[in-house]
2 protein chains.
Amino acid sequence: MPKELNAKSPENQVPTMLDVARRAGVSAMTVSRALKKDGRVSDATRERILAAVNELGYVLDQSAGSLSSRKTGFVAAIIPSINNSNFADTARGITDELENTGLQLLLGYTDYTAEKEEKLIEAMLRRRPEGIILTGGTHTDHARRMLESAGIPVVETWELPPKPIDQVVGFSNEEAMALLVRTLARKGYRKFGYIGGTTSRDTRGSQRRAGFVKAIEELGLPPGRLVSFGVPPISIEQGGQAVVGMLERWPDTEVALCVSDLSAFGAVMECKRRGIRIPQDIAIAGFGDFEIAAYCHPTLTTVNVDCYGIGKQAARKLIQSIKGEDNGLSQEIILTSYRVVERESA
Amino acid sequence: MPKELNAKSPENQVPTMLDVARRAGVSAMTVSRALKKDGRVSDATRERILAAVNELGYVLDQSAGSLSSRKTGFVAAIIPSINNSNFADTARGITDELENTGLQLLLGYTDYTAEKEEKLIEAMLRRRPEGIILTGGTHTDHARRMLESAGIPVVETWELPPKPIDQVVGFSNEEAMALLVRTLARKGYRKFGYIGGTTSRDTRGSQRRAGFVKAIEELGLPPGRLVSFGVPPISIEQGGQAVVGMLERWPDTEVALCVSDLSAFGAVMECKRRGIRIPQDIAIAGFGDFEIAAYCHPTLTTVNVDCYGIGKQAARKLIQSIKGEDNGLSQEIILTSYRVVERESA
DNA sequence: GCGCGGCATGATAGCGATAACATACATGTC
DNA sequence: GACATGTATGTTATCGCTATCATGCCGCGC
């Protein structure tokens, strides 16, 4: 503990509202009122109370308050990883939208596993959030049950779950990847490869892969060459290794689509290191439009997703539901935009 | 709310421990005991209770529990940005160390401003964390006062604050940057430039810059060329713009050191785009050893910092203090390691 | 002068869990 | 069989705050 502690509070005790009340010569209830914006307290009293608060270094105990008022003042958001700028943008969108609502964000990450997600959801629900934002639509049965009986609004994001729990703000990863394939096919590419992770842990990755396969079929192109490499989320390094493997096995591949910009970036850099020209020898495209995609050399063709907007809109829906402005539209699904960004690499 | 809600709980009410107790035919206290690992309850009773929990979809209300037990079961950590893989690594270190302690992490970010930090600290303290981890040693007076009277252990990280609040886990950013300068001077570089942000919002950035200036002076080299560009944290794009500005003003610059790997990466890519050879025409070095540093082309010379270890050790200290294994060593300062990683760019 | 509405403040009763103590019953010891 | 010991469970009293209702006071109109 800070050494100053004992000097400040002789009994080694954090002051309570009652301490403040006594010092200001009022009741605890009046202190409580003085500390909220809508409290009706005379100016003189409020001043005395705020002075006492300052002298004691008092900080409201919100956990006690929320037990009484049955409002905890926070919402939970669960993302796969904080080390991914797409999800960080979503988190930022949520935070921005929450600003000035008095709600705080409690953030957790799952490392892309449903088990961690389940544990995290339970840990969050124990603290009684007023709403919860999830990434993706795949959850364990137990997680679904807990969410359904929690009595709070739930928003699933980043995908279009076949069986939504409650509300949805997202887009079809399958369609987005298919759009990328069609766009590149129109540019003349015919021999497509796909680089992604090995397991289905990353459901959005699986959906993108499915969209790739579907689009290739629909266009009547030669079957796509699928490389699975590494446990999702696959890294920059793994992207480089994967593209090497792809070129060894199928040297005539014309364009490699990657599950994310990070792996695409790794692939591009590894090719440059080996003197393989991009896009002449092989074209490469990513997914997500991370900041590096626009500034690496060559710049990266990719699919831009409205990450920030997903967060903003998810938070907005949640706030509406919490405030009861729901109008029974809770099952409405909000589609967010995506678009192919054509740059130098493909 | 999920539509299934009404089907599950007719009164639209989340069940409490008492509901579970009644259903299992025991008292609330026995339910409480059955739900914690160390609770002493007969197997038969526990089974009945767990069945009731399942049927009702009951989830413990931790905010009520912590009011009673005076333990909230979480620690707070405040980082400048979640969109920075260095701090994300620190967060991961904290989470990993917290695993199996029963403590949860509540994460917040300040966008590098002391005002947001102050608001965030107050918001966190309201929820009564059992400990708090901060980034950096610069805080508003009010923030310091709140932390000092909160009665919980505090760990400041990533720097060596001149006036620590409590405990410290970090390193000297000044010394680390000076080490980079000395290392490169030994390789023969003499005309040094420095690229960083414009304001002092990023205290670690300012310290690195100071270390740069100091080392140049001590080595008796020509005065360093300082470019300030953009509000911290400076982006990839701004790194590229800054290096262009530097070369316009001081075309003979031999090596540019950047406040972080992101700006260094931007500088490298912009040079490649312009046909400026690295490191022959200009050498570039970064700071932080982000993943891209090792895999971009050319690979980036940088300073590796033990981000993950900072998080691990900060959490470990915190846990010790919380458990009271403090031994009065609370003022001990833990130094974490850093080292120059020489790669292709300088 | 009486009653009324409006405002500032106080008193009381929980919110949902757990700590601490109390109780009941089974087991073991001599 | 009496008593100590131990285990499983229940009872009661908070934890620190806020919702709700009660109170007292002021000024106003008729």
Side-chain angles (χ1 to χ4, degrees), chain A residues 9 11 13-49 52-53 56-74 102 123 125-130 150-151, chain B residues 9 11 13-50 52-53 56-74 102 125-130 150-151:
Chain A
S9 52
E11 294 119 336
Q13 276 237 345
V14 177
T16 78
M17 195 172 262
L18 200 60
D19 297 321
V20 176
R22 276 199 271 262
R23 189 170 192 113
V26 295
S27 72
M29 196 58 231
T30 304
V31 175
S32 173
R33 279 192 273 252
L35 291 181
K36 25 198 63 200
K37 50 174 199 257
D38 62 335
R40 318 165 57 69
V41 181
S42 73
D43 288 348
T45 310
R46 166 170 278 124
E47 222 166 276
R48 237 172 337 126
I49 290 174
V53 164
L56 293 172
Y58 175 71
V59 175
L60 193 68
D61 185 334
Q62 192 160 189
S63 59
S66 44
L67 182 58
S68 177
S69 67
R70 314 169 121 296
K71 282 197 191 326
T72 52
F74 81 94
L125 291 182
R126 271 213 249 274
R127 301 186 185 280
R128 298 290 188 266
E130 299 188 31
Chain B
S9 51
E11 295 119 337
Q13 276 236 346
V14 177
T16 78
M17 195 172 262
L18 200 61
D19 297 323
V20 177
R22 275 198 271 264
R23 190 171 191 110
V26 295
S27 72
M29 195 61 232
T30 303
V31 175
S32 174
R33 280 192 273 253
L35 291 181
K36 22 200 67 203
K37 49 173 198 265
D38 63 334
R40 319 164 57 68
V41 180
S42 74
D43 288 348
T45 309
R46 165 169 282 123
E47 222 166 276
R48 231 165 349 118
I49 290 174
L50 292 183
V53 163
L56 293 172
Y58 174 71
V59 175
L60 194 68
D61 185 334
Q62 191 159 190
S63 58
S66 41
L67 182 58
S68 176
S69 66
R70 314 171 118 302
K71 284 197 194 316
T72 52
F74 81 93
L125 291 182
R126 272 213 247 275
R127 301 188 185 280
R128 298 289 188 266
E130 300 188 34

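Computed from a predicted model, the values in this text were never measured in an experiment. Residue numbering restarts at 1 for every chain, and letters A, B, ... go by the order of the sequence lines.
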Shortest non-hydrogen contact from A:T45 to A:V26?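 Nearest heavy atoms, A:T45 then A:V26: CG2-CG1, 3.8 Å.
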A:A24 to A:A52 - nearest heavy-atom pair and separation: CB-CB, 4.2 Å
Could you tell me the separation between the [atom1] atom of [X] and the [atom2] atom of [N], rounded to a whole number of Å?
X      : N      : atom1 : atom2 : answer
A:R46  : C:dC7  : CZ    : C1'   : 14 Å
B:R126 : D:dG16 : CZ    : P     : 17 Å
A:R22  : C:dT9  : CZ    : P     : 19 Å
A:R40  : D:dC25 : CZ    : P     : 20 Å

Looking for any heavy atom pair under 4.0 Å, which part of the strands does B:S27 touch: base, sugar-phosphate only, or nothing? base
Identify, with sequence neighbours excluded, every residue that meets salt bridge (Lys or Arg N to Asp or Glu O under 4.0 Å) alongside B:R126.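 B:R126: salt bridge (Lys or Arg N to Asp or Glu O under 4.0 Å) contacts with B:E122.
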Taking C-beta and beyond as the side chain, do B:R40 and B:R33 meet within less than 4.5 Å on heavy atoms?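 B:R40 vs B:R33: side chains apart.
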Check: protein-nucleotides 15-18 of chain C nitrogen or oxygen pairs below 3.5 Å:
from   : atom 1 : to    : atom 2 : distance (Å)
C:dC15 : O3'    : A:R70 : NH2    : 3.1
C:dC15 : O2     : A:S68 : N      : 3.2
C:dG16 : OP1    : A:R70 : NH2    : 2.3
C:dG16 : N2     : B:A64 : O      : 3.1
C:dA17 : OP1    : B:Y58 : OH     : 2.2
C:dA17 : OP1    : B:D61 : N      : 3.4
C:dA17 : OP2    : B:M17 : N      : 2.4
C:dT18 : OP1    : B:K36 : NZ     : 3.4
C:dT18 : OP2    : B:S32 : OG     : 2.1
C:dT18 : O5'    : B:S32 : OG     : 3.4
C:dT18 : O4'    : B:S68 : OG     : 2.7
C:dT18 : O2     : B:S68 : OG     : 3.1

Is the side chain of A:T72 donor-acceptor paired with the backbone N or O of A:S66 at a distance under 3.5 Å, no angle test? no
Hey, is the main chain of B:L67 close enough, under 3.5 Å, to the side chain of B:R70 for a donor-acceptor pair?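 No, B:R70 side chain to B:L67 backbone: no donor-acceptor pair under 3.5 Å.
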